[in-house]
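Along the sequence shown, the residues carry numbers beginning at 1. Side chains included, hydrogens not; waters and symmetry mates left out as well; all remaining heavy atoms used. For ligands, and for the atoms within them, numbers begin at 1 and follow the listed sequence.
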Amino acid sequence: MSTIEARADGTRVVSTIAELRGLVAAERRGGASVAFVPTMGALHDGHLALVARARELADLVIVSIFVNPLQFGPGEDLDRYPRTLDADVAALAPLGVEFVFAPSTGEMYPDGPSSTRVVAGEVGGLYEGASRPGHFDGMLTVVAKLLHIVAPDVVVFGQKDAQQVFLVRRMVHDLDLPLEVEVVPTVREPDGLALSSRNRFLGAAERSTALVLSEALAAAADAASDGVDEALAEAVAAFGDHDGAELDYFVIVDPGTFLPVAADASGPALALVAARVGATRLIDNRPIELG
Ligand code: PAF
């Protein structure tokens, strides 16, 4: 029995791997190219920018919506992660998405959490990986599975998750996956807050406190011509102005290696920040130019 759900707007919601593979194969036989946007749902304008870019890049656009338990640690927000499939599908329809792949956990992991994992390596244990052990192994494992299921020509990610983008690019390179990785700039609110599915957890006061992330990045960018130490000091000082935000890390990395830059580094670099605002953990990043 087919589990494909056809919506009035033409988007088809597919929940099994076999059916999605069959549909994509049929489109491929007709010569269609495929762009893929993996998501965990709770879609916002940042996701929609990825989908709009995907629409420009290929004939067929597939969006997956799957909250991947493998990338959540014990005590993280797996249970409270928003699940809003109907609203997500409605948001995707005007963008002309052909297929939404929304598998159950049992469909993706029929034998329980997979014992085979993609290992993210050294960079996978830094920054987000240090605060969330196993997160990037779980993320890469599901992305590898999804890429094998969808077999796209291009996969689209957001720069907001810069470390994720770095690790996916490296996996694609290391495992010789035959596809392009396209990265779309972070979408921000007018006041600078990076869009995130987790922003919906912020109360009014927390929403205002959360601006500290983009303010700290701006402070680092302004001080970057004076060097690494100055940039870091200004960023940390920005947190001093905000009660209620707990800095997890602020680091300046070499975009080519994702390792921290040396104290005397100069040229293009990437500043990364993570902080807890109330019960909500937020991340952001920004390119900077070190003097
Ligand atoms: O960025 C996300 O939403 C997730 O990490 C991803 C890439 C969909 C894998 O679960």
Side chains of [X] and [Y], donor plus acceptor under 3.5 Å:
| X | Y | value |
| --- | --- | --- |
| Thr16 | Glu19 | yes |
| Glu76 | His135 | no |
| Asp284 | Ser214 | no |
| Asn68 | Tyr81 | no |

Self-check item: Given Val253, Ile252, Leu217, the one that forms side chain to side chain contact (heavy atoms under 4.5 Å, CB included) with Leu272
Solution: Val253
Quiz item: Would you call Asp153 and Arg28 a salt bridge, using N to O less than 4.0 angstrom?
Solution: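 Salt bridge flag = yes for Arg28 with Asp153.
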Below 3.5 Å only, please: the N or O atoms of ligand 1 paired with protein N or O atoms, distance on each line.
residue, atom, partner, partner atom, Å
ligand 1, 1 (O), Gln164, OE1, 3.4
ligand 1, 1 (O), Gln164, NE2, 2.8
ligand 1, 5 (O), Gln71, NE2, 2.9
ligand 1, 5 (O), Gln164, OE1, 2.7
ligand 1, 10 (O), Gln71, OE1, 2.6

